[in-house]
Amino acid sequence: MRLEFKDLGKRFDDRVIFRKLSGSVGPGEILVLSGPNGSGKSTLVLMLCGLLRPTRGEIRYLSDKDEIPRNAWRHELGIVAPAMRLYEELTGMENLRFFARIRDLRLSDEELARRLREVGLDPGRKTILRGYSTGMQQRLKIAQAALHDPPLLFLDEPGSNLDPAGQDWLEGWVQELSKRGKSIVLATNDRRELEWGTDHVVLDG
Amino acid sequence: MTDGNWNGGQIMSSLMAEALAVVAKDLRTEFRTRVSLNALGLFALTTLAAVSYTVGPYRIAEEDKAYLLSALLWIVILFASLAGMDRVFVKEEESHTAGLLRLSARPHAVWLGKLIFNLGLLAVLMLILVPLYVLLMGLPLKLGVGALVALLAAGGFALGVVSTIVAAIISRAISRGALFAVLSLPLLLPLLIFAIQGCSAVSSGDPEKLAESLRALISFGGIMLIVSGALFPVIWQD
């Protein structure tokens, strides 16, 4: 799966966020979006995953054969972003179970438990999310994003709130996904994460 | 993975399964926070207590009972239900969970799930409120309990459909409170008139008028269901 965007611009009323951004990411590639705070990295991520419409320019999801229509993009992508939260009144297991069901995935509780263990969470934990640390919530968001094994992943500041061991794990996980042919869009300013990129788009604000 | 490879039956059963997942999630979060249930219960019991204390069954002339008590009943149902049902989409936006829901579920599964949840909430409200009201206010039921249940089902269905789509619209707006009132009024007014007419027919023993009101409520609810189903994906995703 390949994502291409061309001459993207976004303005909110009189405020121009960015004018003309182009880029692409394909299987096994990591496209890094960087830039100062307020330069529009998260806005660009929301546009690329279809939650915001660009003021100008075009975004295309391309499969091997043809273009994927906008209303089917959600099948192709997973996302971790600070602006998108999970349900605080549910436990980690209940959250994953809910997202599996609304994606019509037939995943057993054993499989969901394995996914939780994979991101370093205890599947037996009965605490609702409100009782989780921010780092643990971030790990659960990562598990949710990868639940349906999407070919395209958007990671907006994925390492934020993770402890050093968590950041090491994250690096290994991203590299592993890249080796498996996933297309990854990474919005970050973290120096370590910047080095993972195979291509860069710099938003200058 | 795309819907195009599936037949109609598979799509409907998977849509219903996804909608029921939304209902189950909402029920679980509601039982843990009780935001809507508390708002709904508090409003229902307060208005019921105020109405029965100030008006009661003996201060209304016998010939006015059917109309006045029917109007009061539906006003109490309407305001109590709106106190809880308008939260159904707003809470997804306010807790920043709407984004992931949009990217994970089909719009129609979300709409159907929220509609079923609201209809359930309304059924619980009516189950508690209406028997208490009939007892405390002495509402006569000359056509019997079955006729009242049929009217409540038809009126509740239409009310649930309207409230759910209005709740979806206001969740995307900034001045939510004012917008809810402005949007609800033209949609709820005909519904309320039909429901009150039907209820007074049950009370005064007029089966023809009841049948007329039931037809009007079912048609109104059906039309709103079709319009809502067509409109929701646009409201939810843009």
Side-chain angles (χ1 to χ4, degrees), chain A residues 1 42 45-46 48-53 61 63 66 68-91 93-106 127-131 137 140-141 144-145 147-154 156, chain B residues 1-6 10-37 87-88 91-114 116-117 172 174 232-234 236-238:
Chain A
M1 216 232 83
S42 297
V45 167
L46 292 181
L48 294 178
C49 68
L51 284 178
L52 263 183
R53 286 197 187 265
Y61 280 44
S63 70
D66 42 24
I68 298 165
R70 192 184 160 92
N71 63 6
W73 287 4
R74 68 180 185 87
H75 297 302
E76 310 296 325
L77 65 92
I79 183 167
V80 178
M84 290 191 208
R85 298 199 193 146
L86 297 167
Y87 292 94
E88 289 191 339
E89 301 85 6
L90 303 181
T91 65
M93 187 66 157
E94 287 168 349
N95 263 290
L96 283 199
R97 201 181 287 136
F98 169 66
F99 282 100
R101 283 183 183 164
I102 57 170
R103 282 193 176 277
D104 201 23
L105 303 172
R106 312 285 157 94
T127 323
I128 60 169
L129 234 60
R130 201 167 285 159
Q137 291 193 19
L140 187 61
K141 280 185 182 183
Q144 187 282 135
L147 198 60
H148 52 302
D149 197 24
L152 172 64
L153 274 151
F154 292 96
D156 188 355
Chain B
M1 201 89 179
T2 53
D3 300 344
N5 301 331
W6 290 23
Q10 281 175 314
I11 290 174
M12 279 312 290
S13 88
S14 114
L15 183 74
M16 189 46 84
E18 290 165 41
L20 290 177
V22 174
V23 178
K25 184 270 293 174
D26 278 352
L27 279 176
R28 207 181 284 269
T29 55
E30 184 54 42
F31 281 120
R32 287 181 186 163
T33 59
R34 295 200 177 90
V35 174
S36 297
L37 277 176
R87 298 277 314 152
V88 76
K91 72 181 173 193
E92 297 277 1
E93 298 289 345
E94 287 179 349
S95 56
H96 302 282
T97 51
L100 279 181
L101 191 58
R102 267 187 200 102
L103 289 177
S104 307
R106 274 183 279 186
H108 280 116
V110 176
W111 169 67
L112 199 56
K114 299 289 184 186
I116 294 171
F117 177 77
R172 309 302 306 267
I174 297 164
F232 184 77
V234 183
W236 180 239
Q237 287 186 315
D238 278 320

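Everything numeric here is computed off the predicted structure, so don't read it as measured data. Only heavy atoms go into these numbers, but all of them, side chains included; no hydrogens, no water, no symmetry mates.
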For this session: Name the region of Tyr87(A), side chain, backbone, both or neither, that has any atom closer than 4.5 Å to a heavy atom of chain B.
Result: both
Exercise. Looking only at heavy atoms, which two atoms of Ser104(B) and Gln144(A) are closest? And how far apart?
Worked result: OG-OE1, 4.0 Å
Problem set entry | Under 4.5 Å from any heavy atom of chain A - which part of Ala105(B) | both
Exercise. Quick one: what part of Leu46(A) sits under 4.5 Å from any heavy atom of chain B, side chain, backbone, both or neither?
Worked result: neither
Seminar exercise, completed: When the 4.5 angstrom heavy-atom criterion is applied to Leu147(A) and chain B, the contacting part is neither
For this session: Start with the C-alpha distance between Arg74(A) and Arg106(B), add both sets of side-chain angles, then the distance that settles side-chain contact (heavy atoms from CB on, under 4.5 Å), and finish with yes or no.
Result: CA-CA 9 Å; Arg74(A) 68 180 185 87; Arg106(B) 274 183 279 186; 2.8 Å; yes
Exercise. Heavy atoms, side chains only, cut-off 4.5 Å: are Leu103(B) and Met84(A) in contact?
Worked result: yes
Seminar exercise, completed: Under 4.5 Å to a heavy atom of chain A? For Thr33(B) that would be side chain
For this session: Could you pull out the closest heavy-atom pair between Ser14(B) and Asp104(A), with the gap in Å?
Result: CB-OD2, 3.6 Å
Problem set entry | Side chains of Ile102(A) and Leu101(B) in contact at under 4.5 Å (non-hydrogen atoms) | yes
Problem set entry | CD1 on Ile128(A) to CZ on Arg28(B), rounded to 0.5 Å | 12.0 Å
Exercise. What distance do Lys25(B) atom NZ and Arg97(A) atom CZ have between them, rounded to the nearest 0.5 Å?
Worked result: 15.0 Å
Problem set entry | Arg85(A) side-chain N/O to Thr97(B) backbone N/O, donor-acceptor pair under 3.5 Å | no
Exercise. Within the distance-only criterion (no hydrogens, no angle test), does the side chain of Arg101(A) pair as donor or acceptor with the backbone N or O of Ala21(B) below 3.5 angstrom?
Worked result: no
Problem set entry | Arg32(B)/Glu94(A) salt bridge by N-O under 4.0 Å criterion | yes
